[in-house]
Every structure is written in structure tokens, then in C-alpha cells.
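Here's the structure, in C-alpha cells; my notes come after.
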Amino acid sequence: MTANIIDGKKIAQGIRDKLKAAAAELTVKPGLAVVLVGADPASRTYVHSKEKACQEIGFYSEVHRLPETVSEAELLALVSKLNKDSRIHGVLVQLPLPAHIRTDKIILAIDPAKDVDCFHPLNTGALFSGLTSGILPCTPAGCLELIKSTGLALSGKKAAVVGRSNIVGKPAALLLLHHDCTVTLCHSRTADLAAELQQADIVIAAAGRAGLITGAMLKPGAVVIDVGTNRVNGRLTGDVDFASAVQTAGFITPVPGGVGPLTIAMLMQNTLNVCRQKL
Ligand code: NDP
């Protein structure tokens with residue numbers, strides 16, 4: 001038996017359709033401002049997808065493209081301006097930033113109420129405490145939508161998250177914990193990754209290592225969500241060796257077409273939530 005392939009594009013489209021309908025009911029358009037510094041090809045693609053999603057669902061959007069040489073002070077001034085702009089409900093500064101700009105300083109400068117990426121410590125702290133601020137971390141929230149799409153009841157399930165970054169791994173583990181999973185958070189020093197994964201009903205792979213997780217490492221029937229986006233010989237590939245994992249897993253996301261579209265849909269959801277709260 002091979003695994004069911006979770007169609008991230010289709011699930012994201014369903015969410016976007018609902019957001020479009022919800023936005024049409026509001027008296028003001030939800031507004032998202034995206035700031036892109038430099039010309040990193042991957043960042044440009046992500047920003048373009050966010051702009052396109054806003055257009056498709058009827059959100060107001062602004063993209064501020066700044067040169068690689070922009071100073072930290074100039075970037076902070078733009079963030080401050082966007083914080084005060086009443087048309088803008090979400091402010092997002094695309095990461096990574098050039099080395100001369102302190103990323104932490106920029107994240108702290110974003111108004112927490114407009115921090116639709118959910119990177120500000122006030123929002124990550126709220127998540128840690130299990131409080132609902134209306135803003136959820138986009139990629140982890142997208143992973144959760146994909147898991148829920150399988151119909152699996154999460155309560156009591158064993159989940160393993162591979163990767164402990166502030167953007168993906170840690171918040172994904174917290175969301176699973178809030179859904180009553182028993183969570184193991186793995187990282188590069190985990191002594192026996194296969195032994196941890198073999199116990200897991202749910203695996204979220206977010207290590208940024210192509211093909212790290214093979215079918216032999218998985219529990220038969222597991223739900224496998226592959227966040228990894230790695231370029232190998234010009235091809236986009238995940239952290240999971242799809243060919244072998246599809247033989248063992250019960251459900252699996254492809255790369256591309258799995259988590260990526262959900263990340264953008266969750267960003268739009270956050271922007272709508274902020275707009276609703278303002279109204
Ligand atoms: P980071 O590089 O910040 O974190 C990677 C994590 O993986 C670290 O915690 C690291 O452990 C762990 N790790 C590295 N190697 C191993 C290993 N061999 N075994 C177990 N754990 C390991 O990456 P991000 O969290 O930012 O991103 C992870 C991946 O997800 C990337 O491929 C990224 O491109 C992708 N991504 C995709 C998104 C999407 O929308 N599809 C959105 C965001 C990210 P340690 O802490 O010990 O170093």
C-alpha cells in the first residue's frame with residue numbers, strides 16, 4: 001500500500017476561497033505590506049506569491065522593494081511608517097536580511113498587532129502560553145491544517161518534529177502540544193533520529209536537509225508533513241525521501257505542492273484576523 005498524497009495546493013485554495021468570501025463581507029479591505037530587501041531569487045519568488053494571493057482574494061497589498069545596501073535606520077523608518085498606516089493590517093519583512101541589518105531589531109520594531117508572520121516575542125510568547133492572539137505562525141499553522149485534512153484525531157497521538165528553529169520547529173511542536181499530542185522535538189544532536197521517528201504517528205520534517213528521512217525510519221501509516229525546501233541540482237526537494245517514504249507512510253505531503261501553499265494561506269488568514277479585530 002502506498003500513502004495518500006496530501007494535496008496542499010487544493011487545501012490552500014479551499015482556504016483562500018473562504019478568505020475571499022469573508023473579505024468581501026468586510027467594510028474595509030484587509031491590507032498586507034511586504035518588505036523585500038535585496039534580490040535573493042527565493043525571497044523574490046515568495047514575495048511575488050504573497051502579492052498574487054492578496055490580489056486573488058481581494059486584499060489591499062503593498063510591496064516595498066529596497067536595495068541590498070539599505071541601512072538599518074532606513075528599514076526601521078519604513079517599518080514605523082507601515083505600523084502607523086491604517087490601510088495596513090499586516091507588516092511582513094521577508095527574511096533573510098543582509099548581514100549588516102540586525103534581524104532581531106527589525107522583528108522587534110514591527111507592531112505586534114500587525115506581526116502577521118508571528119515572529120515578535122509578544123506573539124511567540126502568547127503561543128507559548130497557549131493564548132490565542134488571532135495570529136498564528138504561518139508554516140506551523142499550515143502543517144496543522146494539512147494534518148487535520150487527513151481526518152486524524154490528534155489527541156493522544158505521538159508526534160515528532162525534526163528541527164527546532166523559532167520559525168518552524170519550535171512553534172510547530174507547541175501547536176501539536178496544544179492539540180494534545182505527545183511531542184518529541186528532534187534536532188541535529190538527537191542521538192537516534194530513526195528511533196524517535198519510528199514511534200511517531202505524526203512527523204513534521206523541518207531540518208532543511210534533503211532526503212534526511214527515509215521510509216525505513218517511519219512508523220507504518222504515519223502522517224508525514226515535509227516542510228523542507230532544498231535545491232538539489234536545480235530541483236526543489238524536501239527533507240523526506242519521497243520515493244521510500246510513500247511506501248511506509250499513511251499520508252504524505254509532496255514538495256513542492258505541500259506545505260508552501262498553506263504557509264501563504266495562513267498568512268492571509270492572519271491578515272484577515274487582524275483586520276477583523278481592528279473593525
Ligand atoms: P533552520 O536552519 O533554522 O533550522 C533547521 C533545524 O533542523 C535546526 O534546529 C537543526 O538542528 C535541525 N537539523 C539540521 N540537521 C539535522 C539533522 N541531520 N537531524 C535532525 N535535525 C537536524 O531552518 P528553518 O526551520 O528555517 O527551515 C527548515 C526547512 O524548512 C528549510 O528547508 C526551509 O527552507 C524550509 N521552510 C519551508 C517553508 C515553507 O513554507 N514550505 C517555510 C519555512 C521554512 P540544530 O538546532 O541542532 O542546529
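Order of appearance sets the numbers: ligands from 1, and atoms from 1 within every ligand. Sequential numbering from 1 along the given sequence is applied to the chain's residues. Basis for what follows: all heavy atoms, side chains included, without hydrogens, waters or symmetry-related copies.
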Open item on the list: Can you name the atoms of ligand 1, numbered from 1 with element, that are less than 4.0 Å from a heavy atom of T263?
Closed with: 39 (C), 40 (O)
Open item on the list: Within ligand 1, which atoms have a heavy atom of G260 less than 4.0 Å away?
Closed with: 40 (O), 41 (N)
- [ ] Applying side-chain contact (heavy atoms from CB on, under 4.5 Å), name anything that partners E196, two or more places apart in sequence or on another chain.
- [x] T184, C186, T190
Open item on the list: Strictly distance-based, threshold 3.5 Å: is any side-chain N or O of T45 a donor or acceptor partner for the main-chain N or O of P41?
Closed with: yes
Open item on the list: With the threshold set strictly below 4.0 angstrom, can you tell me whether any protein non-hydrogen atom sits that near atom 36 (N) of ligand 1?
Closed with: yes
Open item on the list: Give the atom numbers and elements of ligand 1 that come within less than 4.0 Å of a heavy atom of N230.
Closed with: 32 (O)
Open item on the list: Donor-acceptor pair, distance only, cut-off 3.5 Å: does the side chain of D226 make one with the backbone of D239?
Closed with: yes
TODO: In plain terms, say whether E51 and R65 are close enough for a salt bridge, that is, a side-chain N and a carboxylate O under 4.0 Å apart.
DONE: yes
Open item on the list: Which residue and atom name correspond to the protein heavy atom nearest atom 42 (C) of ligand 1, and how close is it?
Closed with: T139 OG1, 3.3 Å
Task: Proximal atoms of ligand 1 relative to G208 (non-hydrogen, under 4.0 Å) - done: 28 (C), 29 (C), 31 (C), 32 (O)
TODO: Check each heavy atom of L212 against ligand 1 and say whether those closer than 4.0 Å belong to the side chain, the backbone, both or neither.
DONE: side chain
Task: Nearest neighbour in protein (non-hydrogen) for atom 15 (N) of ligand 1 - done: R209 NE, 3.3 Å
TODO: For atom 2 (O) of ligand 1, find the nearest protein heavy atom and state the residue, atom name and distance (0.1 Å precision).
DONE: A207 O, 4.7 Å
Task: Heavy atom of the protein closest to atom 4 (O) of ligand 1 (residue, atom name, distance) - done: S165 CB, 3.8 Å
Open item on the list: Below 4.0 Å from ligand 1: does a non-hydrogen atom of V162 turn up there or not?
Closed with: yes
TODO: Provide the number and element of each atom of ligand 1 under 4.0 Å from a heavy atom of G163.
DONE: 6 (C), 7 (O), 9 (O), 12 (C)
Open item on the list: Only heavy atoms of R164, strictly under 4.0 Å: list the atoms of ligand 1 that pass.
Closed with: 6 (C), 8 (C), 9 (O), 45 (P), 46 (O), 47 (O)
Open item on the list: For atom 48 (O) of ligand 1, what's the nearest protein heavy-atom neighbour? Residue, atom name and distance, please.
Closed with: S188 OG, 3.6 Å
- [ ] Grab the two heavy atoms, one from V232 and one from A210, that are nearest each other, plus how far apart they are.
- [x] CG2-CB, 3.7 Å
Open item on the list: Atom NE2 of residue position H178 - does it have more than 12 heavy atoms of other residues, nucleotides or ligands inside 6.0 Å?
Closed with: yes
TODO: Hydrophobic side-chain clustering at under 4.5 Å (ILVMFWY, transitive links): who's grouped with L108? Put none if nobody.
DONE: none
Open item on the list: Quick check on the hydrophobic clustering: are I204 and L197 connected, directly or via other members, by side-chain heavy-atom contacts under 4.5 Å?
Closed with: no
- [ ] Kindly say whether G215 contributes a backbone atom to a donor-acceptor pair with the side chain of D241 at under 3.5 angstrom?
- [x] no
- [ ] For P171 and L127, work out which heavy atoms get closest and say how close.
- [x] CB-CD2, 3.7 Å
Task: Shortest protein heavy-atom distance from atom 21 (N) of ligand 1, along with the residue and atom involved - done: H187 C, 3.1 Å
- [ ] Take every heavy atom of V227, measure it against each atom of ligand 1, and state whether any distance is under 4.0 Å.
- [x] yes
- [ ] Taking only heavy atoms of V168 into account, list the atoms of ligand 1 that are under 4.0 Å away from them.
- [x] 25 (O), 43 (C), 44 (C)
- [ ] Starting from atom 34 (O) of ligand 1, locate the nearest protein heavy atom and write down its residue, its atom name and how far away it is, to 0.1 Å.
- [x] T229 OG1, 2.6 Å
TODO: Identify the heavy atoms of G258 and T253 that sit nearest to each other, and give their distance.
DONE: CA-CB, 4.1 Å
Task: Short side-chain to backbone donor-acceptor contact, H179 and C181, under 3.5 Å - done: no
Open item on the list: I'd like to know if G228 contacts ligand 1, where contact means a heavy-atom distance under 4.0 Å to any ligand atom.
Closed with: yes
- [ ] Would you mind listing which atoms of ligand 1 come within a distance below 4.0 Å of any non-hydrogen atom of A206?
- [x] 5 (C), 6 (C), 7 (O), 28 (C)
